[in-house]
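Comments concern the structure below.
Quick note on labels: first sequence line is chain A, next is B, and so on, each numbered from 1.
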There are 2 protein chains.
Amino acid sequence: MQNRKVTILDIAERASVSPATVSRVINKSVVVKESKRKVVIEAMDELGFRPNALARGLVSGRSMTLGVLTQDIGSPLYDNIAKGIIRGLEGSGYSAILVDGLWRENRELEVINTLLDRQIDGLVLIGGVISEGELTKLRKRIPLILVGREMQGWEDYCINIDNFSAAYEATKFLIEQGHRRIAHVKGSPNHQDAEQRFKGYAKALEDSGIELIPNLIFQGDFFPQSGVLAISSFLERGDGFSAVFAANDMMAMGVRRALYQRSIRCPEDVSVIGFDDQIETAFLVPSLTTMRQPSVEMGMAASAALLDVIAGKPHDLPIFKASLQVRESTCRTG
Amino acid sequence: MQNRKVTILDIAERASVSPATVSRVINKSVVVKESKRKVVIEAMDELGFRPNALARGLVSGRSMTLGVLTQDIGSPLYDNIAKGIIRGLEGSGYSAILVDGLWRENRELEVINTLLDRQIDGLVLIGGVISEGELTKLRKRIPLILVGREMQGWEDYCINIDNFSAAYEATKFLIEQGHRRIAHVKGSPNHQDAEQRFKGYAKALEDSGIELIPNLIFQGDFFPQSGVLAISSFLERGDGFSAVFAANDMMAMGVRRALYQRSIRCPEDVSVIGFDDQIETAFLVPSLTTMRQPSVEMGMAASAALLDVIAGKPHDLPIFKASLQVRESTCRTG
DNA sequence: GTATATTCTGAAAAGCTTTTCATTTCAATC
DNA sequence: GATTGAAATGAAAAGCTTTTCAGAATATAC
């Protein structure tokens, strides 16, 4: 749409120096005499020169691009992690290519390949279901950070809360409030965090000598509708319950909604606890008790760590802890 | 981390053809004799060759990358638009670099420059506050589509619902339900959609001969907390109201919450209507009446259109209409 | 079997930068 | 003023691909 792009050669000519010198001015890689530097900068300003990132990447071997593989853009938790990652890149010169794996391994591997083709300098994986075998291969090829997912023997590169303990704590909280019949709405199958949360729930029951009732466990999918279905299922099967622990907030909203439709009061009749602490939860009626996950901070830590790894610097990962936000949707029971 | 990358020269050598021929096989730009084609493909498979996108982009002038400038990643509406955009790119060979403008013009211009440096082939702007002057400059440089924003004389490249009419309709609905004192919680200042919605609200009142009461208008910021503050403000100023139209769902949730805290029933005492139709709204208690915006579809239309523009093909934009989702948070008033 | 048209193919250039290596410049030293 | 060393600079190569152009191979027509 424009005649021809301004290149480093145009600047070199205009400033009567070699392209190499212009490059040095741009990159501050070597000092150039102040007088020349000034002329070069003027020339660049006048011609509005902007270096071509493709050419730079090709020759330098650093594309200054990171890949971010997220799952199902539009889901609040992961969006916030992505936000943190992108925010953490601010001022670093790096940009992020965001791709969506849709929680399908094939798709994930495919989009990772397009990222690699683009010569990304590093990769952040948010969640996902790629097999450990593939991950092992991948991490040999490119600096890699995992968020919201864990991998044995790779802990130094994984950012996550301890979902097991968080779920344990949430369940324990209900137990301490006097609840004995605690239902659980599971997150999507194969999602690592969903599995961990379920296990934490089960262990908390066990440690308190409470029997786990299969009828009070529902396989959800992290969307609100599955919370609604869960309540139908629980009621149908006839095992009473006084509390529900949902593996995320959206399902907790569905649960709350279904209770309301059946005129079951929350929290007086049934306590509800969620997970993630989406921004909306504090404003629900009743406001939702939930396990907060510091998602944005985790994303920021991910990019910080990745940049360190790329730069060959030692990195250290902060420990992220989930914290229970006690609100109105839970209460003590007789 | 690997010895040396496999290049097209390695393939050429192994297949005993010239690099040009390998290129032709990859791009199917010219037909290559079947026998050679087979050898080349075998060589590529054996060596696991993947073309370097940087080199391709540099020489071909097409980076196969699009820029997506969104605002404030993590806000539901825009995330869904971004999701649509990225989904619409599937199978096209294009990838998206996602950047966050944070609703600050300087920041937006800055990140657009980094996108241009990366030789993006096209750009989608979601919302934003860049001046029309800058937009005019920009659209001369690069194929451009605007989503959630409009620009005089550039309608063929803007994807948006008619926020004015949608707000008009929402307000009219409340009026038809018998409401006369209708408060409004505005979206962030300078946000085009927020302005339009306010205007639609005002016009609907006017057309029905209802006086607009400044005390019943609150300057919000699209976050739930501002819905809470709005109610405080309305009540403090003493002008009664029987309905609230919030410029988005999150503020409507804040409104709902604040009413609850003051034991004002919804919808019996006060009807509440939101905007956007976030997934959660249908599960609230009471479920929220809201104006649905087909955000994902709009995003998909944006990438489809942009790809057409880039390809030099004629494009046409579907018309997107907001649709009122009547739920439980509104009711007829005496 | 030659002339002509067609289809394939390879060599080389181009795309834009960084980086290496050698050279020039300049100040400092004796 | 010649010598040395450091600092600054330029020429050229390198990075990997696509594209142009010309030439080779093959097919077609007579």
From the options [options], select the nucleotide whose nearest atom is closest to the side chain of [X].
X: B:Val31; options: C:dC8, D:dT17, C:dT18; value: C:dC8
X: B:Val32; options: C:dC16, C:dT9, D:dT9; value: C:dT9
X: B:Ser18; options: C:dA11, D:dT9, D:dT17; value: C:dA11
X: A:Ala20; options: C:dT9, C:dT19, D:dT17; value: C:dT19
X: A:Ile8; options: D:dT19, D:dT17, C:dT18; value: C:dT18
X: A:Ser23; options: C:dC16, C:dC8, C:dT18; value: C:dT18
X: B:Thr21; options: D:dT9, C:dT9, D:dT17; value: C:dT9
X: A:Val17; options: D:dG10, D:dC16, C:dA14; value: D:dG10
X: A:Leu58; options: C:dT18, D:dT18, D:dC16; value: D:dC16

Rounded to whole Å, how long is the line connecting atom [atom1] of [X] with atom [atom2] of [N]?
X: A:Lys33; N: D:dA7; atom1: NZ; atom2: C1'; result: 10 Å
X: B:Asp10; N: D:dG15; atom1: CG; atom2: P; result: 11 Å
X: A:Lys5; N: C:dG15; atom1: NZ; atom2: P; result: 13 Å
X: B:Leu9; N: C:dG10; atom1: CG; atom2: C1'; result: 13 Å
X: B:Asn52; N: D:dT18; atom1: CG; atom2: C1'; result: 13 Å
X: B:Ile11; N: D:dT17; atom1: CD1; atom2: C1'; result: 13 Å
X: A:Glu13; N: D:dG10; atom1: CD; atom2: C1'; result: 15 Å
X: B:Ile26; N: D:dC16; atom1: CD1; atom2: C1'; result: 11 Å

Side chain proximity check, A:Val40 to A:Ile11, heavy atoms < 4.5 angstrom:
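They are in contact (side-chain heavy atoms under 4.5 Å apart), so the answer is yes.
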Would you call A:Leu146 and A:Ile159 a side-chain contact if the rule is heavy atoms closer than 4.5 Å?
no
Classify the nucleic acid contact of [X] as base, sugar-phosphate or nothing, counting any heavy atom under 4.0 Å across all strands shown.
X: B:Leu54; result: nothing
X: A:Arg62; result: sugar-phosphate
X: A:Val22; result: nothing

Quick one: does B:Arg56 reach the base of C:dG15 with a side-chain donor-acceptor pair under 3.5 Å?
no
Assess whether a salt bridge exists between B:Lys137 and B:Glu134, defined as any Lys/Arg side-chain N lying under 4.0 Å from an Asp/Glu carboxylate O.
yes
May I ask you to evaluate whether [X] reaches the phosphate of [N], defined as a side-chain N or O under 4.0 Å from OP1 or OP2?
X: A:Lys36; N: D:dA7; result: no
X: A:Arg50; N: C:dT17; result: no
X: A:Asn27; N: C:dT18; result: yes

Full working for salt bridge (charged side-chain N to carboxylate O under 4.0 Å, His left out) between B:Arg62 and B:Asp121:
CA-CA 6 Å; B:Arg62 281 165 289 123; B:Asp121 296 332; over 6 Å; no
Between A:Gln192 and A:Arg149, which heavy-atom pair has the shortest distance, and what is it?
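A:Gln192 and A:Arg149 have their closest heavy atoms at OE1-CA, 3.2 Å.
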Assuming nearest nucleotide by heavy-atom distance, tell me which of B:Arg24 and B:Ala55 is located more 5' along DNA chain C.
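Counting from the 5' end, the first nearest nucleotide belongs to B:Arg24.
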Nearest 0.5 Å, please: how far is CG in B:Leu125 from CG in B:Leu138?
6.5 Å
